Amino acid sequence: MFRIVLLGVLLLLVPARASAHPHLVRSSPAGGAHLTTSPSEIRLVFSEAPMMAATHFFLLSSHNDTIHVDSLRHDPADSHVVFASIPSALVPDSYTVHWYTVAADGHGANGKIAFTVSGSQSSTSIATPKGAMPVDTGNPTSPTPDKKFAESAVQVALGAPMWFARWLGFVSLFVLIGAASFKHLILDRTFRRSSDSEVFYQIAATGAATAGLFAAIVLIVASVIKLYGEAEVMHGVSLGSILASTSWGHAWVVQLIAAVVALAAFAAAHRRNNSAWLITAVCALILAATPALTGHAISSDEAVFAVPVDIAHVLAGSVWLGTLSLILVVGLGSAAKSPDTNSLGARLADMVNAFSPVALVCGAMVVATGAATGLMHVHPLSQLWKSTYGMALIVKLALVSLLFTLGAWNWRRVKPNLGGDEGVRALRFSAKLELTASVLVLAVTAFLVALPLPE
């Protein structure tokens, strides 16, 4: 029973875009190898095809001397393999290969491999091999410039500005999609043809357009920040190459264009141009696809399955939480401003009754897509508590559990009491808690998607 419940809770925890960062599958020499002869080359095999301009590795001796190796090359027989020849024989010593790479989906990874060439391992000075370049004899533990870059690239990916940009992107995407779904799934279905709701309908539609407009602006700003961060992570790759030659860049361009068009459409809808709402719906659907196209779903071996699953996951979550936020912020405010005969409680009850089946369908989609993604990518289960990624995942699990508990409370206890002022206060309080939990879920997700999955 525990395993079934845990798999169900994975629904929101493991979107397909977090399926895997590029990681080292194997190497030659292998990590921990004890060699009797000097290797002729360093060969690394990655889970995803690395971008050569953003892939770096260097070889250090036990004395922190950088050993010269030839230029890094792709293996023409396998795009996942990179190698570099070692022109001079390595003397007996311990060696470490430090590597950093970025895949076409924009995610980077780094690591190191230690191996030994047999012979004396004493602490006495060992002659530096021919071609070796001393790094910093005054401080043998100081990192080389390349290592500093690898560390800084990881810091950029996980740093506060990039985390904040990802979080802003998630929140604005949810609000933008929620604005379109609130108009089409709540207002149009329930209030458009009701003569006693005409004023409320116009006020609420204008408020939804305003929310969508500001969400589009924030999404554009977040996208620009993420592009800057990606340029830092893809050190050595030009901005033009990032946008034209990577799946991350292609999806970024699509996202920016869709956000700009959505901004114009919401602005037109704010001026009571009802036909512009159709454009906002199209843009919302396109934007729901961009997280899958900027993440690992598009580069995974199961991309044909993973991409549509991820799109459905993002769309369902956005419609669910985004529409709820619009009901709370725009719907209640518009109902209070409407000079009609219906009470605030009655108007809220109409909105919640229209939203309930939408929430149930979206919840089912979130569960199904999250479980499918979990089955594809989360294994073994013990990594949930044995890795940094897993620990972050547990935090998100707790927040998601709270989110579902609040949703169930609204469904079972608050909804039946709607219609009066007491029901309005109860729903407003519980919905605020639910939205707060969802914002925290997105905050953890913004950090989680930058972490590599445990190997």
Side-chain angles (χ1 to χ4, degrees), residues 169-194 197-198 200-220 222-223 251-294 307-331 334 350-366 369 438:
F170 287 143
V171 172
S172 58
L173 182 64
F174 272 43
V175 173
L176 189 153
I177 295 175
S181 61
F182 175 72
K183 169 62 167 58
H184 292 286
L185 300 180
I186 307 300
L187 295 181
D188 286 354
R189 290 174 54 205
T190 306
F191 303 104
R192 187 173 185 177
R193 295 178 177 83
S194 176
S197 301
E198 182 177 353
F200 166 75
Y201 175 86
Q202 293 297 339
I203 294 175
T206 301
T210 302
L213 188 150
F214 279 105
I217 293 174
V218 174
L219 183 58
I220 292 170
S223 298
W252 185 90
V253 171
V254 171
Q255 183 180 74
L256 183 66
I257 293 174
V260 171
V261 173
L263 173 62
F266 278 119
H270 189 271
R271 296 191 297 268
R272 305 290 178 87
N273 183 346
N274 199 57
S275 60
W277 279 106
L278 179 60
I279 300 176
T280 67
V282 174
C283 291
L285 291 174
I286 294 173
L287 288 169
T290 54
L293 301 179
T294 54
V307 169
V309 166
D310 188 72
I311 293 172
H313 189 84
V314 172
L315 183 61
S318 299
V319 170
W320 174 24
L321 298 174
T323 305
L324 178 62
S325 67
L326 266 291
I327 290 175
L328 180 63
V329 177
V330 174
S334 301
D350 290 339
M351 286 188 286
V352 171
N353 288 332
F355 174 66
S356 292
V358 174
L360 288 174
V361 171
C362 290
M365 287 179 62
V366 167
T369 54
S438 67

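This structure is a prediction, so every number in the text was calculated from the model and none was measured. Along the sequence shown, the residues carry numbers beginning at 1.
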*Can you name the nearest heavy-atom pair linking Phe200 to Gly331, along with the distance?*
CE1-O, 3.6 Å
*Which pairs with one or both residues in residues 264-281 pass salt bridge (Lys or Arg N to Asp or Glu O under 4.0 Å), sequence neighbours excluded?*
none
*Evaluate the side-chain proximity of Cys283 to Ile279: yes if any heavy-atom separation is below 4.5 Å, no if none is.*
yes
_For Ser334 against Ala204, the heavy-atom pair lying closest together_ = OG-CA, 3.2 Å
*asked:* Rounded to the nearest 0.5 Å, what separates atom CH2 in Trp252 from atom CG in Leu256?
replied: 4.5 Å
_For Leu213, side chain to side chain contact (heavy atoms under 4.5 Å, CB included) partners two or more places apart_ = Ile217, Leu263, Phe266, Ala267
*asked:* Going by ring pair (Phe, Tyr, Trp, His ring centres under 6.0 Å), name the residues that satisfy it together with Phe174, two or more places apart in sequence or in a different chain.
replied: none
*What closest approach, in Å, do Gly169 and Ala222 show between heavy atoms, and which atom pair accounts for it?*
N-CB, 3.8 Å
_Validation row: Leu287, Leu219 side chains within 4.5 angstrom (heavy atoms)_ = yes
*What is the distance from atom CG of Asp350 to atom CG of Leu187, rounded to the nearest 0.5 Å?*
11.5 Å
*Verdict with reasoning, Leu185 to Phe355, per side-chain contact (heavy atoms from CB on, under 4.5 Å)*: CA-CA 8 Å; Leu185 300 180; Phe355 174 66; over 6 Å; no
*Determine yes or no for a side-chain-to-main-chain donor-acceptor pair under 3.5 angstrom, with Ser356 supplying the side chain and Asn353 the backbone.*
no
*Measure the spacing between CG of Leu285 and OG of Ser318 and express it to the nearest 0.5 Å.*
10.5 Å
_Residues forming a side chain to side chain contact (heavy atoms under 4.5 Å, CB included) with Ile311, sequence neighbours excluded_ = Ala289, Ala292, Val307
*Distance in Å, Met351 CE paired with Thr323 OG1, rounded so as to fall on 0.5 Å steps*: 12.0 Å
*Over all heavy atoms of both residues, which pair between Ala211 and Leu326 is shortest? Give the atoms and the distance, please.*
CB-CD1, 4.0 Å
*Does Asn274 have any side-chain hydrogen bond (donor to acceptor under 3.5 Å, both in side chains) partners at least two apart in sequence or in another chain, and if so, which?*
Lys183
*asked:* Run the side chain to side chain contact (heavy atoms under 4.5 Å, CB included) test against Val253 and tell me which residues pass, sequence neighbours left out.
replied: Leu243, Ile257
_To the nearest 0.5 Å, what is the distance between CG on Leu173 and CD on Gln255?_
7.0 Å
*Minimal non-hydrogen separation, Ala259 against Ala216, with atom names*: O-CB, 3.8 Å
*Rounded distance (nearest 0.5 Å) linking atom CD1 of Ile186 with atom CZ of Phe191*: 8.0 Å
*For residues Ala354 and Thr190, report the shortest heavy-atom separation together with the two atoms involved.*
CB-OG1, 3.2 Å
